[in-house]
Amino acid sequence: MRPVSEIQLSSPSKVNLFLEVLGKRDDGFHELETVMLRTSLCDLMSFAGVEAESVSLRLSHSSARAFGKTFPLDQSNLILRAAQALQEFANVRRGAEICIHKRIPAEAGLAGGSGNAATTLKGLNQLWQLGLSKPELHEIAATLGSDINFFVEDCRAAVCTGRGEIVRPVPLNAQLHLVAARPATGNSTPEVFRGLKNSHAPRSAGDIVHALCRGRIDLITRHIFNRLTAPAKALNDEMSQLLTSLSTIARSPAFMSGSGSTCFVPTFNARQSRRLKALVAAAKDQSLSFVSELYSQ
Ligand code: C5P
């Protein structure tokens with residue numbers, strides 16, 4: 001099929017600096033207050049116009065080697081579901097070839113799949129010259145998942161409420177650095193939510209939001225919190241061990257992102273991240289599927 005034009009976009013990931021569960025809703029989802037931070041870890045996506053009306057998806061050659069077995073290329077992939085939702089919303093039957101160079105691990109709590117869906121909405125809106133507004137893209141995103149709206153909003157940090165889809169950007173007056181690592185096993189988000197115990201006094205994101213606005217990395221670190229950590233640890237021994245070993249190596253607390261299984265340690269600068277990443281990668285006590293220096297972007 002002859003491409004008629006092509007758009008390339010990077011598709012970012014996030015970490016949660018704060019995540020509180022406020023209750024279970026009648027629709028089965030949980031009411032959340034979470035603070036998301038966009039990170040430098042990105043997939044790369046290209047969108048090429050084709051004459052056919054269908055949308056196809058493929059992995060780049062190098063990521064096919066690493067992700068080929070675990071990355072679905074059928075309609076179960078959020079990328080193709082986002083493309084179809086956009087076609088239906090805008091009532092268009094245009095086609096595209098989507099190619100993705102994958103770097104963000106799956107089942108990691110980094111919202112790689114949600115970022116891909118948001119990037120697809122933006123990329124195809126441009127490619128097909130649909131002219132949909134940001135509120136319209138938000139409307140489609142909310143039908144597809146809970147984390148997609150954060151990436152549609154295009155901000156560095158935000159407080160997200162509802163089931164995660166209501167996004168209020170917060171000014172981030174600092175560059176945050178962290179070292180993130182994922183154990184060999186990932187976490188299933190629904191399973192982690194199911195493991196939550198009911199009774200807890202809810203915490204508020206107020207302190208960490210205040211620290212983000214002031215750019216106080218020391219205070220941000222002090223207020224990082226994730227309510228899903230306990231149920232995720234109960235489900236994933238490797239992740240539980242990783243939290244302990246990261247914190248021992250870094251001599252500071254380690255945290256989990258989203259529903260895991262990525263864990264992270266905040267650092268003060270890129271040099272400290274580089275050193276810590278080398279120490280984590282060299283530690284022989286655990287096999288990791290991923291270790292990386294990330295920063296807010
Ligand atoms: O919306 P998303 O597809 O990311 O959610 C995956 C699963 O995580 C949901 O099916 C649900 O089991 C759980 N979830 C939840 N409450 C939320 C977000 C996700 O229970 N706010």
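For clarity, every value in this text was computed on a predicted model and none was experimentally measured. Order of appearance sets the numbers: ligands from 1, and atoms from 1 within every ligand.
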For ligand 1, which atoms have a heavy atom of [X] less than 4.0 angstrom away?
X: Gly145; result: 1 (O)
X: Arg163; result: 17 (C), 18 (C), 21 (N)
X: Pro190; result: 7 (C), 12 (O)

| message | In this structure, does ligand 1 have an atom that sits under 4.0 Å from one of the heavy atoms of Leu32? | response | yes
| message | If I apply the N/O under 3.5 Å rule, does Ser146 come out as touching ligand 1? | response | yes
| said: Using a plain distance cutoff, I'd like to know if His30 has any nitrogen or oxygen under 3.5 Å from a nitrogen or oxygen of ligand 1. | reply: yes
| message | Within the supplied structure, the quantity of interest is the number of heavy atoms (other residues, nucleotides, ligands) at a distance under 6.0 Å from Arg203 CZ; does it exceed 12? | response | no
Does the side chain of [X] reach to within under 4.5 Å of the side chain of [Y], using non-hydrogen atoms?
X: Leu73; Y: Ile79; value: no
X: Trp128; Y: Val92; value: yes
X: Leu32; Y: Arg163; value: no

| task | Decide whether a cation-pi geometry holds between Arg182 and Phe290; the criteria are a distance under 6.0 Å from NZ or CZ to the six-membered ring centre and an angle within 45° of the ring axis. | result | no
| His138 and Glu165 side chains, donor-acceptor separation under 3.5 Å | no
| query | Should the ring pair Phe193 and His30 be called parallel, tilted or perpendicular, given that the plane angle runs from 0 to 90° and is split at 30 and 60? | reply | parallel
| query | What protein heavy atom is closest to atom 8 (O) of ligand 1, reported as residue, atom name and distance in Å? | reply | Thr189 CG2, 3.2 Å
| query | Of all the non-hydrogen atoms in the protein, which one sits nearest to atom 19 (C) of ligand 1, and at what distance? | reply | Phe193 CE1, 3.7 Å
| message | At under 4.0 Å between heavy atoms, is it the side chain or the backbone of Phe29 that contacts ligand 1, or both, or neither? | response | both
